[in-house]
Amino acid sequence: MFYGLSGVRHNSYVSDSKLFPVPADRNAVVFFLLLGLAAPYLVSSLYLNSYILPWLIWTAAVLGLNLVTGWAGQLHLGYAAVMAVGAYSAVHAAKFGIPWEFALLIGGLASSVIGSLFAFAALRTKGLYLALTTLAMQFVMDWVLTHSPTIAGGSHASLQSPTFALLGQDITSDAGLYYVAFGWCVLVTIFMLNLRRTGLGRALVAVREKDFAAAILGVNSFYYKLVAFAASSFIAGVSGAILVATFYFLAAPEQFAVNVSIQVLAMVIVGGLGSILGSYLGAALILLMPGVVNQLFSLGANLLGLDLGIETLAHIPNAAYGALIVIFLMVEPLGLGKLYANVRDYLMVWPFDQLKK
Amino acid sequence: MKTKTYVKRLAAAAVMGLTSLSAANAAEDTIKFGMCYDLSKSYTFVTPQITQAAQDLATLTNMKGGIGGHEIEIIVQDHGNEPQRGIECYEKLKREGVFVFDMLSTPVSIAVLPRIMKDKNILIQSLVGRGDAADGSVFSQIFPVGPTYWGQAANDIAYIKEQSGGDMKGVKVGFAYLDYPFGQEPIEILKTLAEKEGFELLLYPVPLPGSDQASVWTKVRRDKPDYVVAWLLAGGHVVAAKEMKRNGFPISNYISVNWLNEVDIANIGAEAAIGLKRGTNVAGGQDLPIIQEILADVYGAGKGAGPVEKINDVYYNTGLAIYSAAFEAARLAVEQNGFPVTPDSMKAGYESIVDFDANGLFAPITVTADDHGGGGKTRIEMWDGKTWVPQQDWTAAYTDVIWDVVKESSSKFTVE
Amino acid sequence: MAQPKTTATDQILSLNSIEVLYESVLLAIKGVSIEVPRGGMVALLGSNGAGKSTTLKAISGLLKAERGKVSRGEIRFDGKLIGNILPQDRVAMGICHVIEGRRVFEHMTPDENLEAAAPMSMSRQKVNSEKARIYEYFPRLAERKASQSGYLSGGEQQMLAIGRALMTQPRLLMLDEPSLGLAPFLVAEIFGIIQRINKEDGLSVLLVEQNALAALEIVSHGYLIENGRVVMHDSAEALKANSDIQEFYLGGGEGKNFHDIKHYSRRKRWLS
Amino acid sequence: MDLVFLAELTVNGALTGLLYSLFAIGLVLIYKSSSVPNLAQGALTMLGAYVVLAFSHNMGLPLWVAIPLAVVIMFFVGIGIEKVALRRLAGRPVIMILMMTMGIDIFLRGTTLAIWGGSSRSVDLGVSYEPLFVGDMLLSRIHIVGASVALALFVAFFLFFRSRLGIRLRAISDDYMASWSVGISVERGVGLSWGLASIVAVATGVIWGEIQGVDQSLSILLLKGLTVAVLGGLDSIIGAIVAGIILGILESVGSFYLDEIVGGGSRDLIVAAVLILTVMIRPHGLFGRHDIERV
């Protein structure tokens with residue numbers, strides 16, 4: 001009903017391959033874009049800066065991981081390490097006096113270079129073995145960070161980020177920082193949406209589905225893996241740098257440790273492999289869940305008159321986080337994005353649902 | 001009980017979302033302390049005791065009429081040692097009228113530091129975080145009341161010097177440390193002192209999480225250091241104790257950092273631990289007026305914030321120490337500038353603490369605008385099989401050397 | 001379509017117009033009815049992809065492993081409906097399926113292969129005597145019983161697969177393309193042994209073959225499957241004599257192409 | 001450095017390595033039967049130790065009662081995990097299986113700690129810590145005990161895999177379809193392997209718990225266990241034993257030299273390097289089958 005397809009006709013390939021062929025989708029996207037732009041005037045600063053801003057940056061990062069894991073099918077358990085490379089390079093560059101625009105670029109490129117090392121692992125191995133290799137690389141990176149005071153920022157291992165500035169303007173206001181995150185997230189989203197329509201995107205999917213077969217069809221799978229890792233690492237690097245510049249204000253190794261890698265991967269899985277909308281939803285769910293679960297449990301305990309210890313209460317969100325991943329994989333392995341697509345598919349043909357299988 | 005029900009009420013309100021903000025803002029007749037703690041990941045060996053201590057002390061203070069007639073509220077939240085969630089907690093509590101924060105986690109303390117400095121709020125950072133924060137001229141909003149790890153390490157050396165008859169030539173000191181920033185921090189100062197005093201410093205890095213020490217103690221056995229100073233945590237000491245026994249290193253020559261408690265002693269074995277030394281910032285045991293008062297008035301009335309057994313733990317005393325200093329600062333703030341307490345008056349309150357020792361709970365501290373550490377005295381205690389026996393008076397050695405390091409390190413921090 | 005003419009008690013296996021769906025969408029078999037008489041040997045013939053293997057998997061229950069299921073029709077073994085019985089329980093009832101491609105347990109010895117297939121309830125002595133019986137059928141296996149099965153020749157592996165199936169004490173043995181990729185003399189040897197087991201033990205056999213010529217030599221009855229449907233069934237003698245069969249499956253005729261077969265099938269369906 | 005010292009490092013390294021093998025055997029059992037890399041083995045280890053403690057400390061039972069009880073309970077926990085969570089994912093891409101076991105790991109850890117709290121406890125097996133000298137070499141008794149348990153388990157599994165039940169499990173690991181076709185219940189077999197791996201987890205948890213105390217850090221053994229399993233070949237128990245010894249020696253002797261150069265903490269680096277190099281050079285490990293997945 002919302003997605004009425006009647007009257008939608010495409011007379012050319014150009015219009016048929018538009019980003020959003022269904023008008024309802026187009027309207028929804030415009031609506032959310034406007035909502036995003038107006039957010040600083042609608043939402044309290046607490047939600048804007050402690051929830052929405054990190055959510056948008058993480059979404060951008062998740063999209064990057066989705067490029068390599070969801071689309072190219074390469075398991076990556078060292079994504080946080082790649083983000084760290086970008087973050088540290090950018091902050092060091094900015095400290096050196098390079099304008100932030102270029103510092104971000106440097107961060108992204110540095111990540112691309114290091115991230116491509118992961119691609120060489122992907123050339124040799126896949127599946128479980130690639131996952132283990134990238135995990136080991138994450139550990140190496142963690143080690144380097146905690147053992148190189150010059151990179152990590154002295155004996156306290158904290159590296160202050162200079163004030164963020166674009167075009168010579170210092171950005172310190174809540175709204176300003178928010179727009180930076182929003183802009184980056186929109187940019188990455190547009191890139192990913194368009195990637196879907198290009199030969200590159202299709203080649204990546206081909207590599208994922210069967211790299212032998214892709215090779216026979218003339219798809220150079222190594223080249224595309226490399227491109228996927230490089231592009232995804234670039235996104236990771238810039239996202240990491242923006243995260244530090246607009247949210248943490250300083251970089252520390254714990255921000256990019258192995259559990260963060262797992263968390264980003266969980267966002268991808270819960271959101272749905274290869275789903276752009278899913279990346280938004282997955283990031284939101286994983287980020288917000290600990291707080292919400294904690295509050296729900298203490299509320300529930302309060303209502304039932306149970307006296308849960310403070311320690312018990314603190315561990316429950318972790319158990320719930322694990323349970324969430326397990327339940328998702330059991331019930332809908334394709335994640336939130338797929339759940340939404342199911343609803344959408346249903347409504348598309350409603351009330352004429354004879355097309356349903 | 002006030003503080004506990006508040007935690008729950010707050011949680012309930014927060015579920016309702018935005019509405020909780022306005023509701024919480026209205027309650028301004030109390031003095032609020034925000035404890036964003038790691039209750040679920042790396043610091044769980046210490047955080048339950050400290051939160052319990054803070055809550056009990058608040059209850060006791062409130063029973064006595066609060067601070068200048070105003071009640072204390074302690075708000076506890078878990079951040080799982082994740083910087084992201086620590087910041088969320090900070091931003092949320094900030095808007096609920098909290099301006100005194102305590103993060104008890106090095107990574108999270110570090111992560112909120114820029115925001116605290118920018119917002120001009122107060123960060124209690126006793127015992128964790130960066131040691132150079134004692135420099136009040138740079139870290140105006142940070143109060144690491146109590147000794148830094150640097151001060152503690154220096155005092156350990158001073159104790160060894162005393163034991164060696166004042167001359168450290170030819171003395172070998174081993175330093176076994178967790179190989180990440182917490183353990184690495186004292187290395188600089190130890191190297192400086194080794195040069196100054198002429199002792200030989202041997203470094204023994206222990207990989208995280210500290211349970212794998214076999215090769216460390218094999219080396220110790222061969223190097224035969226006179227003392228081993230250990231910057232390990234919780235289970236790490238237990239492993240060390242077993243390895244010492246195995247390698248024939250006398251446990252009485254083992255000087256632990258303050259993070260060794262009764263749980264660890266029990267795990268080592270009360271008998272096996274006899275002679276073990278610990279540098280400490282607070283007096284151990286329950287033989288302290290303030291603890292007796294809490295046991296009688298708070299737990300006697302069934303208002304304790306947790307199981308009574310947990311009180312018999314030096315980390316509980318540590319929690320009391322942190323919060324008796326904080327409440328003292330709040331008391332002074334109300335006394336000087338009246339109610340409501342503001343970040344500025346709280347800061348002034350802290351900086352006017354003089355010779356405060358919470359009835360013998362810790363060494364008297366005097367906080368000034370320049371020295372937020374308050375003196376940084378520690379002492380060595382020895383486990384005698386039943387209790388901790390002080391081996392010396394509260395001391396603060398090599399303060400000049402430490403301040404050099406503090407100044408040098410803090411000078412690299414710039415407030416943006 | 002042909003209706004079963006005999007009563008259930010004569011039949012060890014009867015399929016009544018079954019349909020098989022893969023992944024809930026792909027209809028692989030569209031109404032197949034087959035009967036195997038007790039102690040008889042029946043062949044299922046047809047080209048690649050006709051649905052022969054799927055039919056066997058429907059009977060043995062192995063469809064489950066490939067996300068397929070019997071969506072219509074009934075399968076009776078010994079008169080009992082077995083559609084809802086787990087594959088391992090069907091084996092216990094006496095149905096054993098020698099799957100296509102030999103699939104021996106490559107990292108184990110032939111001896112261990114045989115032991116793996118013996119039911120856990122079987123006594124130690126019985127296991128040993130059964131093994132001895134199988135080695136007697138396949139003397140080549142006895143010679144190599146301690147080497148790794150992955151290194152056996154194709155013929156030996158096929159023998160091992162059949163021997164392994166015999167360890168389960170089947171009453172109905174289903175063989176999926178046992179001749180695939182084997183030299184003619186080996187095919188003859190293996191078919192000879194199958195025939196012998198059938199005669200000596202009274203074991204019923206359902207044989208799936210592309211090599212119709214060889215199969216029709218040993219079976220009494222044959223079914224011809226095309227596109228998931230049985231298009232013809234008759235006695236082996238009659239089938240061998242049928243000119244169409246000769247042309248398409250026995251390599252006798254010339255000049256007709258695939259299109260003609262399709263056409264033929266369609267006409268046949270109309271008639272049946 | 002003299003030879004005795006080198007020998008001591010080597011022997012103690014090998015003993016520690018065998019304790020990694022103990023952990024890795026659990027991983028191998030599950031991988032062998034179902035090709036599932038069980039990232040939740042660390043959490044199972046931790047849970048196993050906590051269950052033992054729940055019986056011995058909380059209920060006051062002696063250890064020789066508590067451990068068998070824990071073994072029985074953990075056996076069914078393992079079977080339950082397989083039945084509830086893993087069985088549905090059979091045939092799904094490895095990323096989902098990996099994520100599933102990771103989710104189980106997080107869930108088990110959270111639940112365990114929510115029930116028993118995070119402070120470290122100790123298991124007292126009554127092994128003496130008095131110095132034990134063999135010649136001039138100092139050996140660790142508890143490590144010897146642990147290594148013996150590892151070797152005993154190896155022998156036990158070696159015999160088990162030659163029993164009729166064991167042969168059926170091996171058949172499952174060889175070929176699912178063929179196993180089904182001869183009436184082997186693959187589900188039950190895979191479930192059994194999870195149960196056995198959980199029993200191994202109890203043994204690992206108790207021994208490591210005695211050495212380092214029972215707390216969250218038990219689950220961190222995972223990386224070393226995985227490295228040992230991969231180096232050994234993932235589906236080979238003898239591989240896990242040999243690889244454990246190799247990794248233990250590399251760690252012990254290697255870190256002695258490397259620590260001087262890089263300033264400490266090189267053990268983790270060695271583990272990561274061994275893992276990366278194994279995967280790059282010989283993904284099927286020392287004793288693994290050559291047909292293991294690779295590009």
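In what follows, every chain begins at residue 1, and chains take the letters A, B, ... in the order their sequences are listed.
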Residue pair A:Phe139, D:Leu223: steps toward the side-chain contact (heavy atoms from CB on, under 4.5 Å) verdict: CA-CA 10 Å; A:Phe139 275 97; D:Leu223 185 73; 3.8 Å; yes

Working for side-chain contact (heavy atoms from CB on, under 4.5 Å), residues D:Ile115 and A:His315: CA-CA 9 Å; D:Ile115 297 173; A:His315 287 297; over 6 Å; no

Name the region of [X], side chain, backbone, both or neither, that has any atom closer than 4.5 Å to a heavy atom of chain A.
X	value
D:Leu86	neither
D:Val230	side chain
D:Met99	both
D:Ile104	both
D:Leu275	side chain

Distance-minimising heavy-atom pair for [X] and [Y]:
X	Y	result
A:Leu265	D:Ile95	CD1-CD1, 4.5 Å
D:Ala272	A:Val140	CB-CG2, 3.7 Å
A:Ile316	D:Ala114	CG1-CB, 4.3 Å
A:Ala319	D:Phe107	O-CD1, 3.1 Å
D:Gly103	A:Val326	C-CG2, 3.7 Å

Point-to-point distance, once rounded to the nearest 0.5 Å, from OH of A:Tyr129 to CE of D:Met280: 12.5 Å

Gap separating the OH atom of A:Tyr321 from the CD1 atom of D:Ile106, nearest 0.5 angstrom: 4.5 Å

Sole residue of A:Leu75, A:Ile269, A:Leu132, A:Leu135 in side chain to side chain contact (heavy atoms under 4.5 Å, CB included) with D:Leu98: A:Leu75

Student check: side-chain heavy atoms of A:Leu273 and D:Met96 closer than 4.5 Å: yes

Contact class of A:Leu130 relative to chain D, heavy atoms under 4.5 angstrom: neither

When A:Asp142, A:Asn318, A:Thr69, A:Asn259 are compared by non-hydrogen pairs under 4.5 Å with chain D, the top option: A:Asn318

Whether over 12 other heavy atoms sit under 6.0 Å from D:Arg87 CZ: yes

Intermediate values then yes/no, side-chain contact (heavy atoms from CB on, under 4.5 Å), D:Met102 and A:Leu77: CA-CA 12 Å; D:Met102 251 186 257; A:Leu77 277 173; 3.7 Å; yes

Test side-chain contact (heavy atoms from CB on, under 4.5 Å) applied to A:Met137 and D:Ile276, step by step: CA-CA 8 Å; A:Met137 285 173 157; D:Ile276 294 175; 3.9 Å; yes

